Amino acid sequence: MAKRNEYVDYLLELMAPAGGISARAMFGGHGIYKDGRMFGLVADDVMYLKADSQNLDAFTTRGLGPFLYVGKNTGKPVAMRYHRCPDDALESPALMADWVRIAFAAALRANNPGSKKAR
């Protein structure tokens, strides 16, 4: 049985109005999915949302940095295309719904071979 995480449970409740939201444990954190597509991740009780060239400004203008991990072979930080979720969205289902929408749209674009992805 998967280990329960109170923070992830809280996030799932917060995002419930968006419908089709689920979480799966992975690599010491959790992937957050909508309709089977990963649009978010939780690591060390911090929520990150999918970013790409079309929504990146929404994150960077608010100073919301990317998820970083240390590369296994290089020992250097590697940035992923997931950026920190804004604090105000973590307290409001209405604001979170907007952020879920833009992150899920980025996830859909990433899985569409004809889309323009962030490079």
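Please read these numbers as outputs of a predicted model, since none were measured by experiment.
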Are [Y] and [X] linked, directly or through intermediate hydrophobic residues, by side-chain heavy-atom contacts shorter than 4.5 Å (ILVMFWY only)?
X: Phe67; Y: Val78; answer: yes
X: Val46; Y: Tyr10; answer: no
X: Tyr7; Y: Tyr48; answer: no
X: Leu95; Y: Phe39; answer: no
X: Phe27; Y: Tyr33; answer: yes

Inset, instruction - Output yes when a side-chain donor or acceptor of Asp52 lies under 3.5 Å from a complementary backbone atom of Asn55, and no otherwise. - result: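 At least one qualifying donor-acceptor pair exists.
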What are the two closest heavy atoms between [X] and [Y], and how far apart are they?
X: Ile102; Y: Arg109; answer: O-NH2, 4.4 Å
X: Met38; Y: Gly31; answer: CE-CA, 4.0 Å
X: Ala106; Y: Lys50; answer: CB-CG, 3.6 Å

Quick check for you: to the nearest 0.5 Å, what is the distance between [X] atom [atom1] and [Y] atom [atom2]?
X: Leu14; Y: Leu90; atom1: CG; atom2: CG; result: 7.0 Å
X: Met96; Y: Asp88; atom1: CE; atom2: CG; result: 9.5 Å
X: His30; Y: Leu12; atom1: NE2; atom2: CG; result: 8.5 Å

Inset, instruction - Among residues two or more places apart or on two chains, list those pairs meeting salt bridge (Lys or Arg N to Asp or Glu O under 4.0 Å) that have a residue in residues 64-76. - result: none
Inset, instruction - Taking salt bridge (charged side-chain N to carboxylate O under 4.0 Å, His left out) as the test, write out the residues that go with Arg101, two or more places apart. - result: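 Arg101 satisfies salt bridge (charged side-chain N to carboxylate O under 4.0 Å, His left out) with no residue once adjacent residues are dropped.
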Legend entry - From Val42, Leu49, Leu11, residue fulfilling side-chain contact (heavy atoms from CB on, under 4.5 Å) relative to Cys85: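 Checked Val42, Leu49, Leu11 against Cys85; only one passes side-chain contact (heavy atoms from CB on, under 4.5 Å): Leu49.
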Inset, instruction - Evaluate the criterion side-chain contact (heavy atoms from CB on, under 4.5 Å) for residue pair Met47 and Ile32; output intermediate values, then yes/no. - result: CA-CA 9 Å; Met47 174 75 180; Ile32 306 296; 4.2 Å; yes
Inset, instruction - With sequence neighbours left out, write down each residue that passes ring-ring contact (aromatic ring centres under 6.0 Å, His included) with Tyr82, or none if nothing qualifies. - result: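 Partners of Tyr82 under the ring-ring contact (aromatic ring centres under 6.0 Å, His included) test: none.
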Legend entry - Over-ring placement of Lys34 relative to Phe104, 6.0 Å and 45° cut-offs: yes
Inset, instruction - Taking the six-membered ring for Trp and the full ring for Phe, Tyr or His, determine whether the centres of Trp99 and Phe59 are under 6.0 Å apart. - result: yes
